[in-house]
2 protein chains.
Amino acid sequence: MAAARVRSGGRPTLEEVAARAGVGRGTASRVINGSPRVSAQTREAVEAAVAELGYVPNRAARALAGNRTDAIALVVPESETRFFAEPYFSDIVRGVGAALADTEMQLLLTLAGNDRERRRLAQYLTAHRVDGVLLVSVHADDPLPDLLEQLGMPSVISGRRHAAEMLPSVDSDNFEGARAAVDHLISRGRRCIATITGRLDVYGAQRRLDGYRKAVAAAGLDPDERLIAPADFSEEGGARAMRELLARRPDVDAVFAASDVMAAGARQVLRESGRRIPDDVSLVGFDDSAVARHMDPPLTSVRQPIEEMGRTMTRVLLQEIAHRSSGESPQDRPRIVLPTELVVRESS
Amino acid sequence: MAAARVRSGGRPTLEEVAARAGVGRGTASRVINGSPRVSAQTREAVEAAVAELGYVPNRAARALAGNRTDAIALVVPESETRFFAEPYFSDIVRGVGAALADTEMQLLLTLAGNDRERRRLAQYLTAHRVDGVLLVSVHADDPLPDLLEQLGMPSVISGRRHAAEMLPSVDSDNFEGARAAVDHLISRGRRCIATITGRLDVYGAQRRLDGYRKAVAAAGLDPDERLIAPADFSEEGGARAMRELLARRPDVDAVFAASDVMAAGARQVLRESGRRIPDDVSLVGFDDSAVARHMDPPLTSVRQPIEEMGRTMTRVLLQEIAHRSSGESPQDRPRIVLPTELVVRESS
DNA sequence: CCACCTCTTGGGAGCGCTCCCAAGCCTACG
DNA sequence: CGTAGGCTTGGGAGCGCTCCCAAGAGGTGG
């Protein structure tokens with residue numbers, strides 16, 4: 001067993017694996033990359049060498065030679081990681097991680113603050129070369145999607161900016177979720193149903209409002225615009241909106257808040273006004289977060305399959321990348337909508 | 001303006017920048033890496049070329065040539081990302097991101113499930129070559145820290161496994177936080193104070209218990225072991241522990257739970273037993289999570305500076321990496337403890 | 001028996017960058 | 001006026017891998 005050249009410090013290289021297996025570098029590479037053009041015997045020899053040496057390919061070298069990186073970036077608006085504190089963020093990551101588990105792909109986490117940073121980011125993403133980008137929480141005026149589109153960077157977006165989004169997208173069914181929530185309130189005999197919306201430049205918030213409108217209209221209820229109060233997803237905003245609502249329509253008997261946190265704000269105001277939940281006013285939230293479960297009374301809420309959204313986004317992105325590199329032009333921009341589920345608790 | 005060789009597809013390379021600036025490749029590299037051994041004039045010329053060409057260094061090439069990666073990994077036990085759903089996870093990431101903001105470092109997110117995966121992970125981390133590792137939520141029997149230590153990989157750990165941890169660590173002051181919580185209960189006139197602990201193989205949980213014991217002893221209260229109920233950080237576990245507590249010492253007049261979620265479980269059981277909070281029993285949690293703010297009554301809780309922990313861990317890691325690469329032997333293993341803060345609400 | 005394939009295989013040519021040596025230039029000093 | 005020494009500078013030699021061409025081996029048909 002000639003102890004060939006034993007490199008003192010570093011990890012074994014392809015060349016060493018090849019030498020150990022008694023084959024050429026090219027052949028070893030073929031085995032490691034699963035090319036079919038290798039005899040079974042050779043393959044075995046190389047695989048044995050890999051095992052013995054504990055060889056792991058050097059990513060940087062691969063990236064440089066192969067002009068790819070085996071890495072994707074998850075871009076999160078930094079300003080919102082806190083807003084994401086509710087399961088959202090970690091569940092997305094879980095989902096992405098799960099989908100990546102038996103891949104060689106790495107996950108790069110990129111926090112981008114303001115729009116300027118996001119613009120710079122696009123540069124980086126292409127220069128630092130990730131193979132694809134996952135975008136979450138995109139606002140109507142976010143330049144990033146267009147930039148990525150132009151750069152031809154495979155990307156998947158969650159929370160479409162608008163219906164005409166060019167990028168593949170994965171979303172939960174905000175419309176149906178909202179509709180189900182309102183239908184539920186109607187089935188409870190409520191007739192004067194208000195809604196507190198999120199920031200309407202977030203597509204999902206708009207869709208939730210649409211769902212509300214649809215359900216109200218379908219039930220033949222009075223579609224009073226005064227029953228619609230805009231807010232910003234914050235607890236304080238929810239409280240403020242609830243006060244407005246109460247001032248405009250004191251006879252309100254149900255509220256659909258577009259997030260649990262806003263519902264929490266609304267609950268506070270309803271309490272202070274002497275109204276009981278759900279006796280006087282029914283309350284429904286959205287997200288089914290920890291806040292919902294621990295509210296008093298526990299909050300009926302619309303659950304989104306967040307982890308699955310992460311999984312699905314990733315799967316779609318990997319496909320997109322595969323297509324792109326195999327030269328196919330992806331005709332169909334996948335546009336996936338995952339179902340939501342109403343979780344009924346005591347607040348309604 | 002001789003249009004030199006204009007590469008059709010790709011981004012500009014160092015070579016092109018050099019040509020544009022009329023200097024050699026080596027010189028261009030020096031400017032870009034901020035070497036002082038360049039004349040001001042040359043520097044300007046290169047910088048201009050960089051700007052004009054929109055040059056961004058190729059990471060893979062750098063990594064390959066320089067034998068470093070400009071990337072660090074944040075290792076999260078996958079099994080716990082959900083447990084992390086409370087601000088923890090996202091706040092840590094925020095902190096890390098903030099500390100990395102004006103660095104060239106990238107953040108790699110690594111979810112590792114079980115111990116076997118974590119073992120494999122160590123391989124990957126060295127082979128895929130990250131420059132350093134951030135470890136959060138480490139259990140007593142986790143093999144990863146030792147592996148990283150052996151491999152000589154710069155690492156920083158949060159939540160030390162045991163006091164004798166070899167790696168640099170950043171932690172919040174669980175001991176003082178717990179003590180402050182119990183002192184607060186004592187100052188409220190409580191005399192029979194119980195505690196619900198987290199998994200004691202998590203260092204922080206152990207420290208919280210230590211803090212409880214210390215405060216009880218210092219106040220000269222009866223240190224009855226029956227007032228200590230172990231649980232697992234879960235709501236259900238908290239409820240179970242509370243039931244045991246009530247069975248053993250029905251006269252309990254205060255409970256310090258080592259997490260808000262467990263406090264929520266305890267609250268439920270206390271309610272069911274007909275006890276009022278805080279009139280009959282005071283309740284204090286730990287984490288100051290959303291659950292605490294929205295509980296009924298709002299929960300007094302110990303806040304940890306999680307985002308700052310992320311920031312600090314990262315800073316320490318970057319220093320560690322810098323030392324390592326400049327050949328200094330890091331004499332002192334930083335061991336940083338960040339202060340906690342008691343947030344008093346109506347539950348106590 | 002030879003031309004022509006197909007299947008494997010080896011290894012050269014880079015990918016874009018950092019490291020480092022040697023060369024060129026200038027200043028200062030003997 | 002010659003020479004040593006300090007600054008800058010250019011560019012060769014890889015880093016470890018993938019891509020791809022050409023060559024060898026074995027088989028087949030005319």
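In the text below, chain A, chain B and the rest are named by the order of the sequence lines, each starting its count at 1. Keep in mind that what you see is a predicted model, and the values were worked out from it rather than measured.
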### Query
Does a nitrogen or oxygen in the side chain of B:S29 sit under 4.0 Å from OP1 or OP2 of C:dT18?
yes
### Task
For C:dT18, take OP1 and OP2 only and decide whether either is under 4.0 Å from a side-chain N or O of B:N33.
yes
## Note on the structure
Nearest heavy-atom approach of B:G132 to B:L317 is C-CD2, 3.9 Å
Quick check: do [X] and [Y] have side-chain heavy atoms less than 4.5 Å from each other?
{"X": "A:V76", "Y": "B:V93", "value": "no"}
{"X": "A:D131", "Y": "A:D70", "value": "yes"}
{"X": "A:R68", "Y": "A:R62", "value": "yes"}

Would you mind reading off the distance between [X] atom [atom1] and [N] atom [atom2], rounded to a whole angstrom?
{"X": "B:E16", "N": "C:dC17", "atom1": "CD", "atom2": "C1'", "result": "13 Å"}
{"X": "B:R62", "N": "C:dC19", "atom1": "CZ", "atom2": "P", "result": "10 Å"}
{"X": "A:I32", "N": "D:dC19", "atom1": "CD1", "atom2": "C1'", "result": "15 Å"}
{"X": "B:R59", "N": "C:dT18", "atom1": "CZ", "atom2": "P", "result": "12 Å"}
{"X": "B:N58", "N": "D:dC17", "atom1": "CG", "atom2": "P", "result": "17 Å"}
{"X": "A:D70", "N": "D:dT18", "atom1": "CG", "atom2": "C1'", "result": "12 Å"}

### Message
For B:R324 and B:E320: C-alpha separation, side-chain torsions, deciding distance, then whether salt bridge (charged side-chain N to carboxylate O under 4.0 Å, His left out) applies.
### Response
CA-CA 6 Å; B:R324 204 73 59 112; B:E320 203 77 2; 3.8 Å; yes
### Message
Taking any heavy-atom pair under 4.0 Å as a contact, classify A:N67: base, sugar-phosphate, or nothing.
### Response
nothing
### Task
Using a 4.0 Å cut-off on protein heavy atoms (strictly under), produce a 5'-to-3' string for nucleotides 4-11 of chain D with B for base contact, S for backbone-only sugar-phosphate contact, and - for none.
----BBBB
### Message
Using the side-chain heavy atoms of A:L64, tell me which of these nucleotides is nearest: C:dC15, D:dC17, D:dC15.
### Response
C:dC15
## Note on the structure
Here the side-chain hydrogen bond (donor to acceptor under 3.5 Å, both in side chains) pairs for residues 100-109 of chain A, sequence neighbours left out, are none
